[in-house]
Amino acid sequence: MASITHIELRMVDLAPKVKRVDAIQSFVSQETPIVTIYDSDGASGTGYSYTIGTGGPSVMALLEHTLAPQLIGRDPSRIDGIWRDLMFSTHATAVGAITSLALAAIDTALWDLHCKKTNLPLWKAAGGNRDRIPLYSTEGGWLHLDQQALVDDALAMQEQGFRGSKIKIGSDHLSQDAARLSAVRAAVGDSYEIMTDANQGFTLSEAIRRARVLEDNGIGWFEEPLPADDVAAHVELAKRTSVPIAVGESMYSLSQFKDYLQLGAASIIQVDVARIGGITPWLKTAHLAEAFNVMVCPHFLMELHLPLVCAIPNAKWLEYIPQLDTITCETMHIDKGYGVPSDVPGLGIAWDWEAINRLGPTQTIKGEN
């Protein structure tokens, strides 16, 4: 039986590819904690998580002082047991973003290690339901962009074979959102999907009001219309509109998703592998959604979510936001608007270690001699 011998911790700060502004915030940087776990057989696995500009040092401190030392000597194949033990050891700080992001970096590294040792790519090891997934683009739909820029980007993505685009909403007045959506719909036609994202920016009454505009434009979903912790308001909104309600990027536990699904508060689940705490709880959440006949369309992290959405039966879309290009040797494979997962054993991410090591120092956690 192999055991974990040491762990390497790094954090690199990646600048956004484009300016990203939504209804409540700007995405100023991607702090990216990276964890590499080594075992006594000489094998290793690498995982990561992210922030949108704040909290990265806190994630790294939790990894260094609390979580990573607990891994020494453990059997790395007991992934679920390790996840539960680490979660319980931090029960006083969970459920929350810092703990989940730290757990995710470890859990994804363990899955990478497991897949390499079993000689399977993640998409097959976790289920192997399909070998490609349709893409929709978010990069050209940010709130600060003018109407013509939205149209130009949607047409460009449509030309590349993409089947949808997401437009940020939450302008000062309903008429502005309406004009932006109507212009894109007129340009791309009825068969191209348009999603919208309010980033938790509305009150219930305003969300109901704006949902009528979304219905008029055949919108595919209304993402994060309200504060994520207000389940009751989402229940009411779902009753008042025909537009599917999408939630999940701001939720951090399986139990939170259970509440939404049981109450019919959402019809699209956007579970984020970093914010839920890793691949282990991500798969549990996806299968929970499957039991409710609800589809999964995850948030961000396209390189890591690609194999996961191909693993499960109830995924429909992958969000296209490239972000790892500067620290990987290969980009995600795209074929006529579809994301195609790698067949290389592991997560399918080809890290550029020279680039990573230039961007930040490495800290090693070892057991006592």
Side-chain angles (χ1 to χ4, degrees), residues 16-27 132-199 201-202 207 210-225 241-246 249 267-268 270 295 297-303 305-306 309 315-323 325 331-340:
K17 293 286 185 179
V18 300
K19 182 179 179 180
R20 296 172 179 164
V21 176
D22 60 41
I24 65 169
Q25 63 200 348
S26 295
F27 189 148
R132 60 190 53 222
I133 193 82
L135 299 170
Y136 75 90
S137 176
T138 294
E139 281 291 71
W142 301 98
L143 192 60
H144 69 281
L145 296 172
D146 64 33
Q147 185 171 300
Q148 190 59 50
L150 298 178
V151 169
D152 291 344
D153 182 79
L155 288 172
M157 302 314 291
Q158 188 177 42
E159 179 66 22
Q160 293 176 43
F162 282 56
R163 287 155 176 76
S165 292
K166 187 159 72 182
I167 308 298
K168 299 287 184 173
I169 60 174
S171 302
D172 290 339
H173 193 270
L174 175 149
S175 61
Q176 295 169 284
D177 282 343
R180 289 156 61 85
L181 295 173
S182 296
V184 175
R185 173 56 73 206
V188 299
D190 292 336
S191 62
Y192 188 79
E193 200 73 86
I194 300 173
M195 299 78 164
T196 58
D197 185 357
N199 292 98
F202 294 138
R210 299 211 185 196
R212 295 172 187 143
V213 169
L214 307 190
E215 290 175 344
D216 291 342
N217 286 281
I219 296 304
W221 70 58
F222 192 175
E223 181 175 331
E224 288 206 313
T241 181
S242 63
V243 180
I245 305 301
E249 71 177 80
S267 49
I268 295 167
Q270 297 183 300
M295 79 176 165
C297 301
H299 165 257
F300 196 49
L301 290 185
M302 67 178 194
E303 297 89 351
H305 282 133
L306 172 58
V309 292
K316 185 173 182 179
W317 294 98
L318 179 66
E319 182 173 26
Y320 177 78
I321 303 181
Q323 191 64 9
D325 295 359
T331 58
M332 187 181 81
H333 182 50
I334 298 174
D335 180 27
K336 299 177 182 178
Y338 283 81
V340 181

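Being a predicted model, the structure only gives us computed values, none of them experimental. Values below: all heavy atoms of this structure, side chains included; hydrogens, waters and symmetry mates excluded.
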CG of Leu143 to CZ of Arg180, rounded to nearest 0.5 Å, is 5.5 Å
Rounding to 0.5 Å, atoms CG (Asp190) and CZ (Arg185) come to a distance of 6.0 Å
For Asn199 and Lys168 the tightest heavy-atom approach is OD1-NZ, 3.1 Å
For this session: Would you check if Val188 and Ile194 make a side-chain contact, meaning some heavy-atom pair closer than 4.5 Å?
Result: yes
Check: Tyr338 main-chain N/O paired with Asp335 side-chain donor or acceptor under 3.5 Å:
no
**Report entry** Student check: side-chain heavy atoms of Val184 and Tyr192 closer than 4.5 Å
**Finding:** no
Looking only at heavy atoms, the pair that brings Phe222 and Ala211 closest together is CE1-CB, 4.1 Å
Note: Ala187 and Val151 closest approach over all heavy atoms is CB-CG1, 3.5 Å
Check: Below 4.5 Å, heavy atoms only, C-beta onward: do Glu139 and Arg20 meet side chain to side chain?
Finding: yes
Worksheet entry | Close side-chain approach of Asp177 and Val213, heavy atoms under 4.5 Å | no
Hits for side chain to side chain contact (heavy atoms under 4.5 Å, CB included) against Glu193, two or more places apart or cross-chain, chain-then-number order -> Met195, Trp317
inquiry  = When you compare the side chain of Ile169 with that of Leu214, does any pair of heavy atoms fall below 4.5 Å?
reply    = yes
Separation between OH (Tyr136) and CZ (Arg163), nearest 0.5 Å, reads 15.5 Å
In short, Ile245 meets Thr241 closest at the heavy-atom pair CD1-CG2, 4.1 Å
**Prompt:** Taking side chain as C-beta onward, heavy atoms only, is Asp197 less than 4.5 Å from Glu224?
**Reply:** yes
Original post:
Counting N and O atoms only, with roles assigned by atom type, does the side chain of Asn217 sit under 3.5 Å from a partner on the main chain of Ile219, one being a donor and the other an acceptor?
Top reply: no
Quiz item: Should Pro322 and Met332 count as side-chain neighbours, where that means a heavy-atom distance under 4.5 Å?
Solution: no
d(Ser137 OG, Ile167 CD1) to nearest 0.5 Å is 9.0 Å
Interatomic distance, CH2@Trp221 vs CE@Met295, rounded to 0.5 Å, equals 6.0 Å
Output for pair (Leu301 CG, Leu318 CG), nearest 0.5 Å, gives 10.0 Å
Looking only at heavy atoms, the pair that brings Cys297 and Gln270 closest together is O-CG, 3.0 Å
Scanning both residues in full, the closest heavy-atom pair of Lys166 with Glu223 reads NZ-OE1, 2.8 Å
